Every structure is written in structure tokens, then in C-alpha cells.
Amino acid sequence: MRGWATIISALAMLAGAGAAEAHPHVWIKVRSEVLFAPVTGVRHAWSFDEMYTSYALQGLESKQKGVYTREDLAPLAQTNIESLKEFKYFTFARLAGKKERFAEPIDYARDHMDGALVLTFTLPLKAPLKPTELLLEVYDPSFFIDFSFEDADPVKLVAAPAACKSALQRPNDG
């Protein structure tokens, strides 16, 4: 079981190897959880920027003005999840250099908290992993969306063995 002691979940946001010529149109703050028993998937919580939130809520009816319930936002959550499939949910995993595949998302929902839309969803892996080093990336190669991780507690290891560690690698301008 020595392998469990060296598990590293590196979450990186990569905008590509070359210089980015595009600029983002949507900004998302990411909080992710790597689910263990062994590694079975990733649970994301993405908080969208104020401009996207305003745009997405236009014309959406709610019982109380400015207050949106999960039920009010359910059609939007479904549309978001269906649209993200084309982009592989901007989530990529590699184990020992080999790409791992995710199944369809489960447990997805939209919430409206502190003036921002938050999309939560779980991406189960097609097959559970017993990694010694797992690289997990969350990014948009086209840079239409700028993903950045929350400052406090951006990555959690859920039900991981005590010896597991995570490391967050933020992109650099080089």
C-alpha cells in the first residue's frame, strides 16, 4: 500500500502551451473534491462571475424577485450540463501519463448564492482508480472561460487514506 502514500492530486489550470491570443468572456471560481474509495470521481462547485450571472438570469421567473430556488434554476442546470459535454466538462485526468475517462455527470444543480450562480456536479470516473499520482486539470484550452481556484480550500480529498496529499499548481505566465 506504499502507493497510497504518494498520491498527489495536482489541479492545474492550463491555458495552452503558447501565448493566449484570446481573452475570457466568463470567469469561474472553482472548488473541487476528489472522491475516494479508491478514486471514483470529482465533485465541482463553480461560482460564475457577476456578468454571466446577470445574463443567465435574464427572463427567468421566480416567486420572489431576485430570489432563485434550486427548482427555479433546474432547467438552467440541465442546459449547462448538456452544453458542457461537448467540452468534456473542462475536466481532464491522467494517471501515469494515460488519459482517464469520465462518465456522464450526476448530482448536478444550480444555486444562486451571494449574487452568483453556482453550478455543482459530480463527474464519476468510468472506472475507479488506484493511483500513485493523479493529475487532474480544470481549464478551457480556448480561454473563453477563465477558471481560477478559490483561495481558501480549493481542493479537498474526500474519504482519502490519511497518507494522501494534494498539491495545487497554478499556471504561470511563462
Side-chain angles (χ1 to χ4, degrees), residues 1-18 20 22 24-49 52 77 80-111 113 116-174:
M1 282 286 169
R2 185 182 183 302
W4 284 111
T6 60
I7 289 179
I8 299 173
S9 296
L11 290 170
M13 307 165 297
L14 305 175
H25 296 275
V26 178
W27 288 262
I28 297 175
K29 284 285 196 177
V30 177
R31 181 163 301 183
S32 299
E33 298 177 335
V34 179
L35 309 175
F36 281 79
V39 178
T40 58
V42 179
R43 183 180 306 127
H44 288 304
W46 293 354
S47 298
F48 288 74
D49 68 88
Y52 175 85
N80 291 154
I81 289 298
E82 290 169 357
S83 300
L84 287 170
K85 181 177 184 171
E86 175 183 350
F87 304 101
K88 298 182 172 134
Y89 309 97
F90 299 110
T91 304
F92 312 93
R94 284 194 197 105
L95 178 62
K98 180 184 165 224
K99 289 182 183 177
E100 298 297 332
R101 295 175 45 183
F102 291 98
E104 297 291 318
I106 58 172
D107 303 328
Y108 58 87
R110 270 282 192 190
D111 292 295
M113 298 184 302
L117 280 174
V118 178
L119 177 65
T120 55
F121 61 101
T122 300
L123 281 176
L125 285 159
K126 287 212 173 195
L129 303 175
K130 293 183 180 179
T132 55
E133 184 173 324
L134 174 67
L135 174 64
L136 183 64
E137 300 173 309
V138 178
Y139 70 99
D140 177 3
S142 72
F143 203 51
F144 185 85
I145 300 173
D146 180 329
F147 288 93
S148 62
F149 285 87
E150 293 283 354
D151 292 330
D153 235 1
V155 181
K156 289 183 182 177
L157 302 181
V158 177
C164 290
K165 298 175 187 170
S166 69
L168 177 66
Q169 177 185 334
R170 296 183 190 273
N172 60 38
D173 291 334

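Since the model is a prediction, treat every value here as computed from it, not as a measurement.
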Aromatic ring proximity, centroids under 6.0 angstrom, F121 and W46: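 Yes.
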Side-chain heavy-atom pair S47, E150 within 4.5 angstrom cut-off: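 Side-chain contact under 4.5 Å: yes.
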T91 side chain reached by L136 side chain, heavy atoms, under 4.5 Å: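 L136 vs T91: side chains touch.
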Once rounded to the nearest 0.5 Å, what's the spacing between atom [atom1] of [X] and atom [atom2] of [Y]?
X: L134; Y: L125; atom1: CG; atom2: CG; value: 7.5 Å
X: L119; Y: I81; atom1: CG; atom2: CD1; value: 5.0 Å
X: K156; Y: R31; atom1: NZ; atom2: CZ; value: 7.0 Å
X: L135; Y: E133; atom1: CG; atom2: CD; value: 7.5 Å
X: L117; Y: I28; atom1: CG; atom2: CD1; value: 10.5 Å
X: H44; Y: D107; atom1: NE2; atom2: CG; value: 13.5 Å

Which pair of heavy atoms, one from [X] and one from [Y], lies closest together, and at what distance?
X: L129; Y: P38; answer: O-CB, 2.9 Å
X: K165; Y: L157; answer: C-CD1, 3.7 Å
X: K29; Y: F149; answer: NZ-O, 4.1 Å
X: A103; Y: L123; answer: O-CD2, 3.9 Å
X: F36; Y: A159; answer: CB-O, 3.3 Å
X: A37; Y: T40; answer: O-CG2, 4.0 Å

Residues in ring-ring contact (aromatic ring centres under 6.0 Å, His included) contact with F102, at least two apart in sequence or another chain: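 None.
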ring-ring contact (aromatic ring centres under 6.0 Å, His included) partners of Y89, counting only residues at least two apart: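 Testing Y89 for ring-ring contact (aromatic ring centres under 6.0 Å, His included), a comparison that skips the adjacent residues, returns none.
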With F147, the ring-ring contact (aromatic ring centres under 6.0 Å, His included) member among F87, Y139, F92, F90: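 Exactly one option meets the ring-ring contact (aromatic ring centres under 6.0 Å, His included) with F147, and it is F90.
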